[in-house]
Amino acid sequence: MIDLTLVRKDPDLYQTACKNKNIKLDIKKFLALDDERREVMTQVQKMQSERNAVSKKVPTLKGAEKEAVIKEMKALGEKLKNAEGSLMVIEKEWMAQQLQLPSVPLKTVPVGKDDTENVQLRTWGTIPKFAFEPKDHVTLGESLDIIDIPRGVKIAGSRSYFLKGDGARLELAVLQFTIDSLVKKGFTLFTPPLMANYAAMMGTSYFPGGEEQAYAVGVDRTPETGLGEKEAKQIESDKAYLIGTSEVSVASYHSGETLKPSDLPKKYAGFSNCFRREAGTYGKDARGLYRIHQFQKVEQVILCENDPEVSAKLHAEILQNAEDILQALKLPYRVVAVCTGDMGRGQVYKNDIETWMPSRLGYGETHSCSTFYDFQARRLNIKYEAADGTKKFVHTLNNTCIASPRILIPILEIYQNKDGSVTIPEVLQPYMNGKKIIAKP
RNA sequence: GGAGAGGUGGCCGAGUGGUCUAUGGCGACGGUCUUGAAAACCGUUAGACCCCCUUAGGGUCUCGAGGGUUCGAAUCCCUCCCUCUCCGCCA
């Protein structure tokens with residue numbers, strides 16, 4: 001959500017942001033609607049004011065005079081009802097458009113149309129050269145019997161998988177290693193709700209717009225179950241969405257609250273399963289564990305003061321936290337500045353970390369680090385008492401710290417040996433009872 | 001799943017159709033008094049939005065949410081959500 005006084009003051013700035021972020025919204029038309037809303041609202045309020053004043057007088061009146069006033073008020077009531085009706089129509093459209101308003105990217109963000117125009121900032125590590133023909137993670141995983149995609153598909157459909165034996169243990173090891181690392185750095189760990197309501201999805205700015213990527217729970221069961229109207233309504237009201245990231249639950253944790261400045265910044269780590277429908281990606285990244293419907297992720301979520309310097313510093317910090325993990329795992333990666341066209345509606349700055357994946361002969365996105373300023377906080381209504389006594393919206397940020405099984409792709413592929421076994425990264429060995437190598441059964 | 005009780009301001013709690021603007025208390029903050037503090041006394045005490053060039057000021061909405069009845073709703077009616085108690089089922 002955007003402070004509308006800023007949009008009214010500088011419409012061109014927001015029109016440009018729309019253009020650069022590929023958002024189709026006519027700011028001028030929106031502002032015309034905004035004017036109309038206020039005009040109608042003023043009329044409505046005038047009528048309400050009159051009604052309130054007269055209603056107060058009614059009990060003091062008697063006889064014919066009273067009858068006359070009531071008759072008059074009845075007429076006003078009709079007029080008011082009509083005006084309220086048109087106001088409601090205007091407000092609905094006004095709100096819908098308002099939710100489309102993007103935040104303005106920082107000046108440092110490269111302007112571009114999509115992810116092909118992201119800009120590489122730096123690389124870390126050496127891209128491995130193999131003295132043998134390397135296998136991809138699917139081949140490795142199948143021969144080691146630690147990944148079973150066909151049976152995943154049998155049970156749950158396309159883009160589903162089982163991790164098995166040391167594959168499952170390796171996933172838990174890398175997650176636990178990451179959690180420990182963040183906790184050491186002062187982050188508070190959450191296992192949050194995996195189901196979230198519309199307000200949380202909207203508040204974190206996944207909705208409106210991302211509906212088709214989210215699994216909905218508790219709807220459309222009527223046709224199969226043949227329920228009556230009452231039961232169908234109850235199930236409809238159960239409606240919730242499976243989260244695509246724990247950011248949804250964790251960033252919403254303080255929604256509607258006013259925080260103490262001494263409690264800021266809040267450094268939270270969410271650990272959860274994540275669910276994504278991946279609608280419209282048919283055929284894209286079809287092989288292996290790159291793009292799947294369900295995965296596990298450790299996510300960093302920050303709430304801090306409404307100060308660009310403070311949030312910029314924390315952005316660098318949570319970016320570094322993720323790099324620390326990759327460096328500990330000795331996985332080569334690069335950091336890119338995400339361009340305007342590849343940014344979300346609410347983000348003002350975003351970096352991706354892409355980790356080297358031999359089977360892709362390139363870097364693949366494994367982390368995404370975003371600064372929102374107060375965009376999410378306005379939707380979630382999270383404030384704090386600033387030093388000057390006023391209440392301000394916090395800034396929010398988030399970054400992946402690790403996401404699995406995608407991270408297993410570079411681990412398995414980079415750590416593979418000529419005989420088809422995989423060496424377990426040293427830092428993960430303690431999390432697998434000291435085991436050093438995953439070998440063929 | 002069954003039965004019942006509830007949801008009012010930061011908190012507790014009164015209010016069952018109007019004439020006072022949601023009684024009262026607690027807490028918090030400010031002031032008087034005091035060397036300082038406590039006590040006592042006095043005062044203040046939410047949010048969103050709109051009008052207004054600004055200040056000042058005025059207005060609307062919000063009593064779990066949304067509809068409805070009415071000239072007028074915290075109060076009456078309908079639907080939904082949430083909390084608590086008991087029973088049943090259950091990892």
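Numbers restart at 1 for each chain; the letters A, B, ... are given by sequence-line order, proteins then strands.
For A/Gln15, the side chain to side chain contact (heavy atoms under 4.5 Å, CB included) test picks out A/Cys18, A/Asp26, A/Ile27, with sequence neighbours left out. With sequence neighbours left out, the side chain to side chain contact (heavy atoms under 4.5 Å, CB included) criterion links A/Met88 to no other residue. Legend: residues meeting side chain to side chain contact (heavy atoms under 4.5 Å, CB included) with A/Lys260, ordered by chain and number and at least two apart, are A/Ser262, A/Asp263. Take A/Pro430 and apply the side chain to side chain contact (heavy atoms under 4.5 Å, CB included) test, not counting sequence neighbours, and it matches no residue. Residues satisfying the side-chain hydrogen bond (donor to acceptor under 3.5 Å, both in side chains) criterion with A/Gln296, sequence neighbours excluded, are A/Glu171. Legend: residues meeting ring pair (Phe, Tyr, Trp, His ring centres under 6.0 Å) with A/Phe190, ordered by chain and number and at least two apart, are A/Tyr253, A/Tyr268. Annotation: ring pair (Phe, Tyr, Trp, His ring centres under 6.0 Å) contacts of A/His395 (sequence neighbours excluded): A/Tyr373.
Within residues 194-207 of chain A, no residue has a heavy atom under 4.0 Å from RNA chain B. Within a heavy-atom distance below 4.0 Å of RNA chain B, the residues of residues 68-89 of chain A found are A/Ile70, A/Met73, A/Lys74, A/Lys81. For RNA chain B, the residues of residues 45-55 of chain A within the heavy-atom distance limit of 4.0 Å (strictly under) are A/Gln45, A/Gln48, A/Ser49, A/Arg51, A/Asn52, A/Ser55, sorted by number.
Looking at RNA chain B, the stems built from 3 or more consecutive Watson-Crick or G-U wobble pairs, each pair with its key distances under 3.5 Å, are B:1-7 with B:81-87, B:10-12 with B:24-26, B:27-32 with B:40-45, B:46-51 with B:57-62, B:64-68 with B:76-80.
Heavy-atom distances to RNA chain B give each of A/Lys66 and A/Trp94 a nearest nucleotide, and the one nearer the 5′ end belongs to A/Lys66.
Each salt bridge (Lys or Arg N to Asp or Glu O under 4.0 Å) pair with one or both residues in residues 285-299 of chain A, not counting sequence neighbours, appears once here: A/Asp136-A/Arg287, A/Glu278-A/Arg291, A/Asp285-A/Arg291, A/Asp285-A/Arg360, A/Lys297-A/Glu299.
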